[in-house]
Amino acid sequence: MKVFIAIVLTIVASCALVEAKKFSKCDLAKKLANNGIERASLPNWICLVQHESAFSTSATNKNKNGSTDYGIFQINNKYWCDSSYGSNDCKIACKSLLDDDITDDIKCAKLIYKRHGYNAWYGWKNHCNGKPLPSVDSCF
């Protein structure tokens with residue numbers, strides 16, 4: 001019985017690990033470009049993600065106001081994703097921002113950017129705005 005439980009726990013842990021992904025700079029740049037992000041703006045997006053989530057799709061952050069940021073872009077549940085906390089302007093479940101398929105995350109991030117620009121993200125404001133940005137030239 002103990003062996004069975006150990007096997008089940010190992011399988012469950014393995015499944016959880018498959019769900020999360022840590023992107024490399026170039027993999028993320030290519031994924032962003034393939035989802036409609038202009039090549040010229042990729043350095044800003046890469047810098048933003050680096051400082052928001054360290055390229056991890058499973059990143060979360062609980063904020064002082066009680067809201068939570070989810071996923072690679074740290075999308076907040078007060079405005080953008082479905083939770084009991086606030087509105088859902090991106091029409092997306094917050095938990096879907098934590099898997100390794102970031103297509104829906106990118107769509108939501110593009111909406112946020114359209115409304116607020118990069119200033120919607122403190123990671124970008126504090127670490128990227130007016131500072132040297134990472135190059136993605138070698139990625140393409």
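Side chain to side chain, S24 and D27 meet the donor-acceptor criterion of an N or O pair below 3.5 Å.
Nearest approach of T60 to L98, heavy atoms of both residues: CG2-CD2, 3.7 Å. The two residues I46 and L32 come nearest to each other via the heavy atoms CD1-CD1, 4.2 Å. Closest non-hydrogen pair, I112 versus W121, comes out as CG2-CH2, 3.6 Å. Taking every heavy atom of both residues into account, N126 and K131 meet most closely at O-NZ, 2.8 Å. The shortest heavy-atom contact between D104 and S96 is OD2-OG, 3.5 Å.
Here Y118 pairs with W45, Y113, W124 under the ring-ring contact (aromatic ring centres under 6.0 Å, His included) rule; sequence neighbours left out.
Proximity of a side-chain donor or acceptor of K110 to a complementary backbone N or O of N35 within less than 3.5 Å is detected. The backbone N or O of Q74 sits nowhere less than 3.5 Å from a side-chain atom of S53 that would complete a donor-acceptor pair. Of the possible donor and acceptor atoms, none in the side chain of N63 sits under 3.5 Å from a partner among the backbone N and O of N65.
Residue pairs meeting the salt bridge (Lys or Arg N to Asp or Glu O under 4.0 Å) criterion with at least one partner in residues 80-93, sequence neighbours excluded, are D89-R115.
Less than 2.5 angstrom separates the SG atom of C81 from that of C94.
Using bins of under 30°, 30° to 60° and over 60° for the plane-to-plane angle, the ring pair H116/W80 lands in the perpendicular bin.
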Show the numbers, then the answer: is there a side-chain contact (heavy atoms from CB on, under 4.5 Å) between L28 and V136?
-> CA-CA 10 Å; L28 181 61; V136 296; over 6 Å; no

